[in-house]
J.: 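First, the structure itself, so that you have it in front of you.
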Amino acid sequence: MRAKSIFMKRLGAMALAAGIVFGALAANTHQVSAATKFRVADTKYEKSYKLDDGKVYFEAKGVFPVIKDNSKAAKKINQEMKKAKTAWIKETKKEASDAKSDFDLMLADDAVQMPEWKYSDDITYEVTSNDGKYFSVLMSGYDFRGGAHGSPYRVTMTFDAKTGQKLTAAKLFGTTQAKVNAKVRNLYLKLYDKKGIEAGFYGDDEFSGKKGRDILKEKLASMDFSNAFYVKNGKAVFYANPYDLGPYAAGFIEVSATVK
């Protein structure tokens, strides 16, 4: 699985979007919860790629946020968000090219029946914090390449609402990233100690003889949570992608820490 941690590992950190004029682009008011400090609108992108017979072989759909404000902070945030949207569109073009190659191979083989499904990449967003202190966005995407299921992925960005500065986890907590990672790893271990595999973690490995907690500890040791978080209800919510710490069905396993 190349879950789209590769996406903003496809972007390095991630950021999103305001005004690309191709495909279909539209603007609507987006609902945000709690005390809204920025007014947020949608920009939409849709593009379908078709074979000569008209069959759609790849489709990209995205809904992205843009702040409707002329403040310096809003402009900085919009810049970062636009970078991420541009990166996503660029990636979908590459996906479309890969999909075309796959479908061309199927067309060239008389023994292969053309599938009813199409490849697709869809992404939308939720503003998880808009309280005048932090502006945080959780983008949720789904990349389908055939098979039993696609790959869900996330793009998350958190900003200082007053300055527009994009925040890493270290900046958010005012410490080093090493200390943040240590804290998050400890939170996951505590969650395992409390709920075990019920929290979605891998269990004991009967082949190697390793215990589930030891497997978790080994996997966490190489993970960096610099950008794998969003802010919601005064907490930084950290997440691990499907397969990172548990099976696909577990989804994004999360832990949280209060932001002072």
J.: Mind checking what makes side chain to side chain contact (heavy atoms under 4.5 Å, CB included) contact with Thr176, not counting sequence neighbours?
T.: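 Per chain and number, Thr176 pairs via side chain to side chain contact (heavy atoms under 4.5 Å, CB included) with Ala178, Lys179.
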J.: Given a cutoff of under 4.5 Å between side-chain heavy atoms of I, L, V, M, F, W and Y, with clusters grown through shared members, what are the other residues clustered with Leu105?
T.: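 Same cluster as Leu105: nobody, lone residue.
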J.: Quick one, Arg154 and Phe252 - any side-chain contact, counting heavy atoms below 4.5 Å?
T.: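 A side-chain contact exists here, since the closest heavy-atom pair is under 4.5 Å.
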J.: With Asn233, which residues qualify under side chain to side chain donor-acceptor pair (under 3.5 Å), at least two apart?
T.: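 In terms of side chain to side chain donor-acceptor pair (under 3.5 Å), with neighbours along the sequence ignored, Asn233 is linked to no residue.
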J.: How are the rings of Phe159 and Phe135 set relative to one another: parallel (under 30°), tilted (30 to 60°) or perpendicular (over 60°)?
T.: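 Tilted: the ring planes of Phe159 and Phe135 meet at 30° to 60°.
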J.: List the residues meeting side chain to side chain contact (heavy atoms under 4.5 Å, CB included) with Asp214, not counting sequence neighbours, and say none if there are none.
T.: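 By the side chain to side chain contact (heavy atoms under 4.5 Å, CB included) rule, Asp214 matches Lys211.
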J.: Check residues 48-57 and write down every donor-acceptor pair under 3.5 Å in which the side-chain atom is one partner and the other belongs to a residue at least two apart or another chain.
T.:
from: Ser48; atom 1: OG; to: Glu59; atom 2: OE2; distance (Å): 3.2
from: Asp53; atom 1: OD1; to: Lys55; atom 2: N; distance (Å): 3.0
from: Lys55; atom 1: NZ; to: Pro115; atom 2: O; distance (Å): 3.0

J.: Suppose we screen for salt bridge (Lys or Arg N to Asp or Glu O under 4.0 Å). Which residues come up paired with Lys232, at least two apart in sequence or across chains?
T.: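 In terms of salt bridge (Lys or Arg N to Asp or Glu O under 4.0 Å), with neighbours along the sequence ignored, Lys232 is linked to Glu126.
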J.: Other hydrophobic cluster members with Leu187, side-chain heavy atoms of Ile/Leu/Val/Met/Phe/Trp/Tyr under 4.5 Å, chained?
T.: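 Cluster partners of Leu187: Tyr134, Leu167, Leu172, Phe173, Val180, Val184, Tyr188, Leu189, Leu191, Tyr192, Phe201, Leu216, Leu220, Met223, Phe225, Phe229, Val231, Phe238, Leu245, Ile253, Val255, Val259.
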J.: For Glu218, check side chain to side chain donor-acceptor pair (under 3.5 Å) against everything at least two apart and list the hits.
T.: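 Glu218 satisfies side chain to side chain donor-acceptor pair (under 3.5 Å) with Lys210 only.
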J.: Kindly write out the residues that satisfy side chain to side chain donor-acceptor pair (under 3.5 Å) with Thr158, not counting sequence neighbours, or none if the list is empty.
T.: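 So Thr158 forms a side chain to side chain donor-acceptor pair (under 3.5 Å) with Ser136.
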J.: State which residues pass side chain to side chain contact (heavy atoms under 4.5 Å, CB included) with Ser140; sequence neighbours excluded, sorted by chain then number.
T.: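 With neighbours one apart ignored, the set is Leu138.
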J.: So, using salt bridge (Lys or Arg N to Asp or Glu O under 4.0 Å) as the criterion, who are the partners of Asp110 when residues are at least two apart?
T.: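 Checked Asp110 against salt bridge (Lys or Arg N to Asp or Glu O under 4.0 Å); zero matches.
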J.: Tell me, please, which residues at least two apart from Lys162 pass side chain to side chain contact (heavy atoms under 4.5 Å, CB included).
T.: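 Here the qualifying residues are Asp160.
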